[in-house]
Amino acid sequence: MASSSSHSLILLVSYCSFFFFFFAAAATKEAHHYHHHTLQLTSILPSSVCNPSTTGNKRRGSVLEVVHKHGPCSMLSMNPLKVEEDLFTHDQSRVDSIRVRAKLAQNMTAKTDVVLLAGSKATLPVKPGSSIGSGNYIVTIGLGTPAKQLSLVFDTGSDLTWTQCEPCARSCYTQQQPVFAPSASTTYSNISCAATQCSDLTSATGNTPACSSSTCVYGIQYGDQSFSAGFFATEKLTLTSKDVVNGFYFGCGENQQGLFGMTAGLLGLGRDKLSIVSQTANKYGRVFSYCLPSRSSSSGYLTFGRGALARNIKYTPLVSTSRGGGSFYGLTLTGITVGGRRLVISPTVFQTSGMIIDSGTVITRLPPTAYSALSKAFRAQMSKYPLTKGVSILDTCYDLSKFTTISIPKISMVWGGNTNVELAPQGILFAAGGASQVCLAFAANGDDSDIGIFGNVQQTTMAVVYDVAGRKVGFGPQGCA
Ligand SMILES: *[C@@H]1O[C@H](CO)[C@@H](O)[C@H](O)[C@H]1NC(C)=O
Ligand SMILES: *[C@@H]1O[C@H](CO)[C@@H](O)[C@H](O)[C@H]1NC(C)=O
């Protein structure tokens with residue numbers, strides 16, 4: 001904005017004619033429109049009305065509905081005030097655990113703890129910090145024969161899918177749906193300790209599996225001391241009535257603790273061997289896509305397979321980074337634009353940190369050098385709105401309670417391959433304390449060497465495509481509301 005207004009000023013001074021005044025003003029207005037979002041404030045505030053979108057259902061292929069765990073379409077009720085309080089604490093735990101894993105992956109030596117397991121004498125060494133289960137989007141799948149409906153946390157940052165299982169020999173947290181009972185299913189099988197899939201648990205969970213009466217025993221610990229442990233098993237997985245995966249490997253958890261809300265467990269969409277993406281490689285070709293709905297909306301989707309892809313997708317290469325281990329999806333960030341202008345950030349800043357895309361981290365984390373350039377440019381273009389106090393990791397907040405319509409600078413992420421992806425308004429601002437505390441939804445890492453994370457607020461409403469076989473990740477506008 002600063003540049004367009006000074007251009008019009010120069011034109012006025014130089015030519016001082018009515019026509020030039022007219023054209024300069026029109027050009028300024030157009031440039032403003034091009035580089036800004038004008039939106040209703042309510043479109044970025046959380047809504048309490050469930051209005052399921054049909055976008056996903058119109059697509060071909062295997063479609064699952066994705067809802068926000070505490071959104072209006074979730075049946076997992078929770079006190080909304082508590083949700084906001086917990087959100088930043090949980091988010092930081094997840095980020096810390098990703099950071100620990102990223103560092104471990106570089107060094108490969110980890111300290112081991114011991115977690116006691118499910119009613120057996122088996123003990124399991126546990127390395128600190130896999131990702132956390134606080135990710136806030138959920139999908140509902142069917143498990144077993146007859147199929148039982150289970151709502152699982154949707155997590156691209158980990159691989160193993162698990163659910164709580166009867167008889168919950170040690171401990172199950174409270175979940176909304178009945179706990180899965182293997183004895184009531186005709187398709188459940190335990191995995192033997194000798195199976196190669198049992199050994200695959202080592203990289204999928206970061207822990208060497210244990211063995212109890214020749215049944216393979218898994219354990220996975222997340223960054224905030226949440227964990228799940230139990231028997232490694234196979235079951236019939238029903239994604240949709242047409243999409244059934246027989247012999248799906250999953251954890252049947254008999255000992256859980258932690259922040260999984262009222263969900264029944266976790267769906268692991270990571271990059272490693274045991275993730276649902278890898279297990280269904282023959283069926284869906286390691287391609288999946290999703291759209292995460294905004295907090296003011298209702299439902300998005302998760303699809304598997306190439307047939308279901310949205311159009312107008314811009315791709316960037318998927319990079320295998322030594323950072324983040326085998327589960328994470330690494331991307332290359334090369335720059336950020338605010339209001340049409342590229343921030344001046346040395347490329348080495350992003351090269352040093354690296355970047356992953358994660359469905360479970362809420363707020364995008366940037367190297368401090370990049371964040372300070374972003375927040376400075378954003379503040380400069382938001383000067384007409386009153387700044388207010390920050391909240392937790394968010395330090396650029398505005399009191400917008402006196403406004404109904406607002407105009408904010410557009411923000412684009414410039415990914416590797418010169419792929420410029422514009423964020424939706426819901427990916428720029430986060431209403432942390434209602435309309436009176438609306439914040440720039442980005443935060444700084446502790447230091448420039450910490451790994452960057454592209455979080456779920458920024459992915460909101462975009463169609464996000466993971467073509468793991470083609471080694472690329474793509475983004476498209478308006479995937480869902
Ligand atoms: C890896 O970790 C070990 C033990 O914690 C430490 O002694 C060593 O210096 C680390 N190596 C690197 C390259 O960071
Ligand atoms: C699975 O293994 C556990 C531990 O050995 C055992 O208690 C359970 O009955 C087994 N379930 C089936 C269906 O084989």
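This structure is a prediction, so every number in the text was calculated from the model and none was measured. All ligand and atom numbering here is 1-based and tracks the order in the structure.
Within a 4.0 Å radius of atom 9 (O) of ligand 2, the protein contributes no non-hydrogen atoms. When distances from atom 5 (O) of ligand 2 to the protein are checked, a heavy atom turns up under 4.0 Å.
For ligand 2, the atoms sitting less than 4.0 Å from at least one non-hydrogen atom of S213 are 5 (O), numbered in the order shown with element in parentheses.
The protein heavy-atom contact nearest to atom 13 (C) of ligand 2 is Y188 CD2, 3.7 Å.
Side-chain atoms of T187 and S185 form a donor-acceptor pair, as typed in the model, at a separation below 3.5 Å.
A centroid separation of 6.0 Å or more is found between the aromatic rings of W162 and F227. Ring-centre distance between F475 and Y315: not below the 6.0 Å cut-off.
Remark: D467 engages R306 in a salt bridge, criterion side-chain N to carboxylate O under 4.0 Å.
Residue-to-ligand polar distances place N190 within reach of ligand 2: an N/O pair is separated by less than 3.5 Å.
The shell of residues lying under 4.0 angstrom from ligand 2, judged by heavy atoms, includes S212.
C165 has its SG atom within less than 2.5 Å of the SG atom of C252. Cysteines C193 and C216 have SG atoms no closer than 2.5 angstrom.
In S183, neither the side chain nor the backbone holds a heavy atom less than 4.0 Å from any atom of ligand 2.
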